[in-house]
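In what follows, chains are A, B, ... by sequence order, proteins preceding strands, each numbered from 1. Owing to the predicted nature of the structure, the values given are computational and were not obtained by experimental measurement.
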There are 2 protein chains.
Amino acid sequence: MRRDIFQAIADPTRRAILSLLALQAMTPNAIAEHFESSRQAVSKHIQILTECEVVKHQQTGREIYYHFNPEKMKEIDIWLDRFRKLWDDRFDQLDDILKDL
Amino acid sequence: MRRDIFQAIADPTRRAILSLLALQAMTPNAIAEHFESSRQAVSKHIQILTECEVVKHQQTGREIYYHFNPEKMKEIDIWLDRFRKLWDDRFDQLDDILKDL
DNA sequence: TATAAACGCAACTAATTAGTTGCGCAAGTT
DNA sequence: AACTTGCGCAACTAATTAGTTGCGTTTATA
């Protein structure tokens with residue numbers, strides 16, 4: 001089962017969940033209230049986000065708070081870096097990219 | 001059919017194709033040579049990349065050269081921006097993000 | 001003009017994903 | 001002790017995706 005950060009953010013619901021969790025830690029029920037989807041559907045997305053470690057959890061009584069983990073997002077940023085040069089810079093792009101690979 | 005840039009980069013083969021095309025425009029056959037996959041399988045990926053405009057094509061005789069379009073990658077970068085603050089900055093992060101949304 | 005190369009497109013299959021329903025368990029409440 | 005709430009987990013279905021095979025068209029080559 002492929003389960004990396006790129007797979008995680010492919011789904012719009014999961015991107016929305018990440019945006020929510022970036023603001024504050026939340027329980028599955030609280031998250032689900034923001035969507036049309038059922039709690040279980042949301043829970044499945046959370047599970048995927050947890051598996052690829054972009055989200056961590058912390059239990060408090062019977063509630064489980066999910067936290068956003070910015071660390072994993074860096075991976076996307078790092079991958080983007082090679083392309084960023086193509087829209088940032090003017091010319092000597094190719095050399096830079098070739099150096100990276 | 002969901003066909004956005006996030007969907008496009010979810011597949012590792014497509015990410016590899018984008019990396020190749022960022023270096024130089026290539027024909028489907030040339031691209032396929034870099035992978036285990038068949039030409040048709042690669043062609044399908046290219047089609048998806050074309051649909052979400054992260055790749056453009058230009059015909060020369062019987063060959064079709066596919067070019068990387070950095071513009072579309074900006075969308076990812078822009079989306080990442082809100083999270084970037086969480087790993088770049090130290091404190092006053094929440095305020096910044098709340099301001100964005 | 002016959003043949004080969006470079007493709008796109010359509011039909012099909014296999015695998016994966018998103019979502020639903022129903023269950024069970026642990027932690028609080030009455 | 002009985003009931004409710006918050007949750008995970010498993011089985012199932014429907015939709016989507018990745019990949020294959022085969023065919024037709026256009027451009028080049030012998």
Between the main-chain N or O of Lys56(B) and the side-chain N or O of Asn69(B), is there a donor-acceptor pair closer than 3.5 Å?
no
Main-chain N/O of Thr60(B) paired with Gln58(B) side-chain donor or acceptor, under 3.5 Å:
no
Quick one: which of dG8(C), dA18(D), dT17(D) gets closest to the side chain of Asp11(B)?
dA18(D)
Expressed in angstrom and rounded to an integer, what is the separation of Arg14(A) atom CZ from dT16(C) atom P?
15 Å
Distance col, row Arg14(B):CZ vs Phe6(A):CZ, nearest 0.5 angstrom, shows 13.0 Å
Partners meeting side-chain hydrogen bond (donor to acceptor under 3.5 Å, both in side chains) with Glu75(B) (sequence neighbours left out)
Lys72(B)
Cluster link Phe68(A) to Leu80(B), ILVMFWY, side chain under 4.5 Å
yes
Can Arg15(A) and Asp4(B) be said to form a salt bridge (charged side-chain N to carboxylate O under 4.0 Å, His left out), step by step?
CA-CA 13 Å; Arg15(A) 286 201 299 281; Asp4(B) 59 27; 3.5 Å; yes
Can a salt bridge be assigned to the pair Asp81(B) and Arg84(B) using a cut-off of 4.0 Å between side-chain N and carboxylate O?
yes
In whole Å, what is the span from the CG atom of Asn29(B) to the C1' atom of dG8(C)?
12 Å
Between dC7(D), dT17(D), dG8(C), which nucleotide has the shortest distance from any of its atoms to the side chain of Arg3(B)?
dT17(D)
Of the nucleotides dG8(D), dG6(D), dC7(C), which has the atom closest to the Glu63(A) side chain?
dG6(D)
Given atom NE2 of His57(B) and atom P of dA6(C), what is their separation to the nearest angstrom?
18 Å
Between Tyr66(A) and the options Leu49(A), Ile17(A), Leu21(A), the side-chain contact (heavy atoms from CB on, under 4.5 Å) test singles out Leu21(A)
Any side-chain N or O of Tyr66(A) below 4.0 angstrom from OP1/OP2 of dG6(D)?
no
Nucleotide dG19(D), atom C1' - distance to CD1 of Ile31(B) in whole Å:
17 Å
Taking OP1 and OP2 of dC7(C), is either one under 4.0 Å from a side-chain nitrogen or oxygen of Thr27(B)?
yes
Distance in angstrom units between Phe6(A) CZ and dT16(C) P, rounded
20 Å
To the nearest Å, give me how far apart CD (Gln7(A)) and P (dT16(D)) are.
16 Å
May I have the distance from Gln47(A) (atom CD) to dC9(D) (atom P), rounded to whole angstrom?
6 Å
Separation of dT20(D) atom C1' from Phe35(B) atom CZ, nearest Å, is 18 Å
Side-chain contact check for Ile64(B): nearest option of dT17(C), dG8(C), dG6(D) is dG8(C)
Considering only heavy side-chain atoms of Lys44(A), the closest of dA6(C), dA11(D), dC7(D) is dA11(D)
Among dT17(C), dC7(D), dA18(D), the one nearest any side-chain atom of His45(B) is dA18(D)
I want to check one thing: is the phosphate of dC7(D), taken as OP1 and OP2, less than 4.0 Å away from some side-chain N or O of Ser43(A)?
no
Produce a footprint string for nucleotides 21-30 of chain D: one letter per nucleotide, 5' end first; B if the base is under 4.0 Å from any protein heavy atom, S if only the sugar-phosphate is, - if neither.
BB----BS--
So what does Tyr65(A) hit on the nucleic acid, given a heavy-atom distance under 4.0 Å: a base, only sugar-phosphate, or nothing?
nothing
